[in-house]
Amino acid sequence: MEISLQNQVAVVTGASSGIGSGIAKSLAAAGATVVVNHSSERSLGEAQAILKEITDAGGNGITYQCDVSKEDQVIKMFQDTVSQFGTVDILINNAGIQKDAKFTDMTLDQWNAVIGVNLTGQFLCAREAIKEFLRRGIDTSRSIACGKIIHISSVHEIIPWAGHANYAASKGAIRMLMQTLAQEYGADKIRVNSICPGAIQTPINKDAWSTPQALNSLLNLIPYNRIGQPQDIGNLAAFLASDLADYITGTSIFVDGAMTTFESFSTGG
Ligand code: NAD
């Protein structure tokens, strides 16, 4: 049994670092041509480095600058991808940010920034992807499905997170966005799922793992007793995007070392 994404084109948002870069590499290793999206001029170098790893390993792709919270830029990213590669088969809605604050101190800018990237960005990219899937229709030389969307959500889709109300609200909303799209476009054979990572070692949560003390207290939340790596998410994303997962749609899959079993209950409760 082999995971194959041959002849398929994948857009991976926020692919210049962390989980997005791990997913981009996994999809490319399975044969997909990958659009390594990055948000600004500043992240071009990182995106190019990820693309180089992909091409050095025999894969294909391009880098593409686009702020996913901006409608005109998202529309153009999909138009340019279709002009260059013919279509889009897979969207990985990964770009995400945190702007943490105690709730009563949270500014509207902090709220809007997080909702803008984490939720509106996923809406805009999913809309353009689905339009393209429907335009192309099913092409079984590519995939049994008409298209695949994977939202990168979080364990905070279900675990409340004090001090991070904007982030938790964005991830909770992604669950309903994902399930609604799976319901609305199921008959069109478009599959839509979420991956909910636990603690993955990336720049977004550096404070939680960069000192031995911080890492130790993080591990107290993870029964499996290790921090996750971007590859852990990339492995599942490649499988979920492939035809091996053809009957999986409308669901959230947690990749979290059992964090959502609530470790603090292991000694009673
Ligand atoms: P990261 O900071 O390494 O990656 C986030 C990426 O999103 C970066 O490449 C960043 O440039 C990009 N980005 C930010 N704003 C953007 C915009 N407007 N347009 C396009 N790209 C933009 O962090 P990460 O941990 O790799 O996070 C990736 C996703 O995984 C996020 O959605 C995050 O919420 C989610 N997640 C991460 C963890 C974790 O433990 N690291 C856990 C659960 C969920």
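Indexing begins at 1, ligand by ligand and atom by atom, following the structure's order.
- Pairs passing the salt bridge (charged side-chain N to carboxylate O under 4.0 Å, His left out) check and including a residue from residues 165-188, sequence neighbours excluded, read E157-R175.
- No donor-acceptor distance shorter than 3.5 angstrom exists from the side chain of N118 to the backbone of G96, with no hydrogens or angles considered.
- In this structure D67 satisfies the side-chain contact (heavy atoms from CB on, under 4.5 Å) test together with S69, K70, Q73, sequence neighbours excluded.
- Take T107 and apply the side-chain contact (heavy atoms from CB on, under 4.5 Å) test, not counting sequence neighbours, and it matches D109, Q110.
- If you check the side chains of Q8 and S143, you find no donor sitting under 3.5 Å from an acceptor.
- Across all their heavy atoms, V88 and E132 have their closest contact at N-CG, 3.8 Å.
- Ligand 1 lies under 4.0 Å from heavy atoms of G14, S16, S17, G18, I19, N37, S39, C66, D67, V68, N94, A95, G96, I97, V117, I152, S153, S154, Y167, K171, P197, G198, A199, I200, T202, P203, I204, N205.
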